[in-house]
Engineer: 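Okay, here's the structure, questions in a sec.
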There are 2 protein chains.
Amino acid sequence: MVRLTPDERRRQLLGIGLRMFVDKPVQEVSIDAVAAEAGISRGLLFHYFPTKTAYHQAVVAAAGRRFLRNARPDDGATGEVALEQVTRRFIEQIRRRRAFYVALVFGQGPVSIPTPEGEEEFATTLRARLADLVIERCGYAAAARPVVHAWVAYVEDRAIESSADASNVEVTALVAHCTRALEALQETPTQRPRVPLP
Amino acid sequence: MVRLTPDERRRQLLGIGLRMFVDKPVQEVSIDAVAAEAGISRGLLFHYFPTKTAYHQAVVAAAGRRFLRNARPDDGATGEVALEQVTRRFIEQIRRRRAFYVALVFGQGPVSIPTPEGEEEFATTLRARLADLVIERCGYAAAARPVVHAWVAYVEDRAIESSADASNVEVTALVAHCTRALEALQETPTQRPRVPLP
DNA sequence: AGTGCTATTGAGCATTGCTCAACAAGACGC
DNA sequence: GCGTCTTGTTGAGCAATGCTCAATAGCACT
């Protein structure tokens with residue numbers, strides 16, 4: 001019987017979930033399997049997470065936090081440089097761990113990533129957090145939020161679909177395309193239909 | 001005991017799943033509940049779907065097929081007109097049944113939508129099918145497929161995030177923006193990085 | 001009416017999600 | 001070194017669940 005700090009144990013369980021939910025969907029991963037992997041009893045898992053669904057959501061949220069953290073630009077960076085960094089880091093991350101991303105982040109719909117400490121029960125999605133990041137750090141207007149939010153979806157799809165074996169050069173080109181695309185999208189008017197209706 | 005055609009029964013079960021999986025995730029919807037809703041025994045459900053996961057996937061695929069079918073342009077339409085129709089129908093559909101779409105299509109990652117009859121085990125996602133639709137019907141080059149595919153993700157996000165209570169006029173403006181956005185994205189070069197690396 | 005086909009049932013089993021009272025590992029005081 | 005307190009941890013136990021399979025019952029056709 002190994003006794004861990006609640007924090008250590010929690011982290012261990014989340015880490016195991018991060019591995020187990022990649023190949024199998026929730027309903028095919030049993031609490032027993034997770035507990036066995038951790039070397040603990042079933043009961044303990046329910047001491048840390050009230051329900052299996054709650055555990056799964058916590059794992060997914062952890063995955064989202066991880067991607068968000070790794071996509072952050074350098075502390076000094078702002079404007080176009082920051083945008084290039086965020087875009088590159090986001091894309092590279094997805095490509096490096098494609099299956100992981102698809103299973104735990106992309107395939108989970110609007111999964112909440114609670115902001116860490118204290119802030120009043122605020123929760124949101126990875127796309128929303130990345131959009132905030134771009135708006136705050138790269139100098140985009142708050143009014144452009146819908147465009148930025150959906151642009152994240154665009155970049156995400158390009159990263160997922162681009163085959164992971166492509167060379168680094170292609171990644172650079174993709175990053176360049178995506179940063180330019182954000183400007184192009186932002187400049188695309190939202191007012192009049194281009195094809196007048198009959 | 002009510003006896004139905006296998007086809008009718010299958011349709012009924014898929015229809016029930018289409019309703020049940022909107023509010024609750026897979027692991028919280030029991031086969032018992034589905035069977036009770038259909039007025040049949042648990043066993044029968046396993047006669048139609050070998051496993052619960054298979055049933056869920058079939059339901060999700062059905063949802064995808066539905067959206068794909070409703071997004072098709074008119075038979076005669078081509079080019080820009082077809083693009084406008086596909087975009088509008090896709091957006092309107094998502095907005096009209098937002099929760100449904102998010103739960104069953106968006107929140108399921110790369111769910112396969114098998115092409116109906118005969119075709120050799122080909123299966124793909126809703127985004128891929130919509131991309132094919134745009135390429136074939138709206139006159140886009142096959143080389144633009146990655147852009148079109150990710151553009152679908154962009155449109156999808158705009159539709160999901162735009163509040164459902166907005167007026168019809170705003171939808172028209174959004175459709176116009178999205179169709180223009182596809183051109184803008186297509187014209188955004190993928191070759192050189194805009195911000196040269198140090 | 002009889003016969004064949006098959007959609008459907010229902011008992012049954014192993015596993016699963018979840019609860020809870022009891023246990024034991026470490027920290028602290030003495 | 002001993003006792004005590006706190007709390008991370010266990011394991012039995014239960015109802016519900018996913019799934020199997022032999023038996024049944026509805027329907028079409030002769």
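So that the names make sense, note that chain A is the first sequence line, chain B the second, and so on, each numbered from 1.
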Engineer: Of Arg89(A), Glu92(A), Gln93(A), Arg65(A), which meets side chain to side chain donor-acceptor pair (under 3.5 Å) against Asn70(A)?
Structural biologist: Gln93(A)

Engineer: What is the distance from NZ of Lys24(A) to C1' of dG18(D), rounded to the nearest Å?
Structural biologist: 15 Å

Engineer: Which is more 5' along DNA chain D, the nucleotide nearest Gly39(A) or the one nearest Leu44(B)? Just name the residue.
Structural biologist: Gly39(A)

Engineer: How close or far is atom P of dT16(C) from atom CD1 of Ile31(A), stated in whole angstroms?
Structural biologist: 10 Å

Engineer: How many Å lie between CZ on Arg9(A) and C1' on dT10(D), as a whole number?
Structural biologist: 12 Å

Engineer: Side chains of Arg88(B) and Thr179(B): donor-acceptor distance under 3.5 Å anywhere?
Structural biologist: no

Engineer: Strictly under 6.0 Å, is that where the ring centroids of Phe49(B) and Tyr55(B) end up?
Structural biologist: yes

Engineer: Is there a donor-acceptor contact under 3.5 Å linking the side chains of Glu170(A) and Ser162(A)?
Structural biologist: no

Engineer: Output the rounded distance in Å from CG (Asp32(B)) to C1' (dA15(D)).
Structural biologist: 12 Å

Engineer: Nearest-nucleotide wise, let me know which of Pro6(A) and Lys52(B) is further upstream toward the 5' end of DNA chain D.
Structural biologist: Pro6(A)

Engineer: What contact category does Val29(A) fall into here, base, sugar-phosphate, or nothing, at under 4.0 angstrom with non-hydrogen atoms?
Structural biologist: sugar-phosphate

Engineer: Please determine, for the side chain of Tyr48(A), which listed nucleotide (dG17(C), dT16(C), dG8(D)) has the closest atom?
Structural biologist: dG8(D)

Engineer: Atom CD of Gln12(B) to atom C1' of dT8(C): distance rounded to whole Å?
Structural biologist: 13 Å

Engineer: For Thr5(B), answer base if it contacts any base atom (sugar-phosphate contacts may also be present), sugar-phosphate if it contacts only those atoms, and nothing otherwise; contact means non-hydrogen atoms under 4.0 Å.
Structural biologist: nothing

Engineer: Are the ring centres of Phe67(B) and Tyr101(B) closer than 6.0 Å?
Structural biologist: yes

Engineer: Look at the side-chain N and O atoms of Ser30(A) and state whether any lies under 4.0 Å from the OP1 or OP2 oxygen of dT16(C).
Structural biologist: yes

Engineer: Measuring to OP1 and OP2 of dG17(C), would you say a side-chain N or O of Thr51(A) lies under 4.0 angstrom away?
Structural biologist: no

Engineer: Need to verify one output field. Residue with the more 5' nearest nucleotide on DNA chain C, Ile40(B) or Met1(A)?
Structural biologist: Ile40(B)

Engineer: Please state how far atom NE2 in His47(A) lies from atom P in dA21(C), giving the value in whole angstrom units.
Structural biologist: 15 Å

Engineer: Calculate the interatomic distance between Gln27(B) atom CD and dT15(C) atom C1'; express it in whole Å.
Structural biologist: 17 Å

Engineer: Can you measure Phe46(B) atom CZ to dT6(C) atom P for me and round it to whole angstrom units?
Structural biologist: 23 Å

Engineer: Hey, which of these two, Arg3(B) or Ser41(B), hits DNA chain C nearer its 5' end, going by closest nucleotide?
Structural biologist: Arg3(B)

Engineer: Would you state whether a donor and an acceptor, one from the side chain of Arg42(A) and one from the base of dT10(D), lie under 3.5 Å apart?
Structural biologist: no

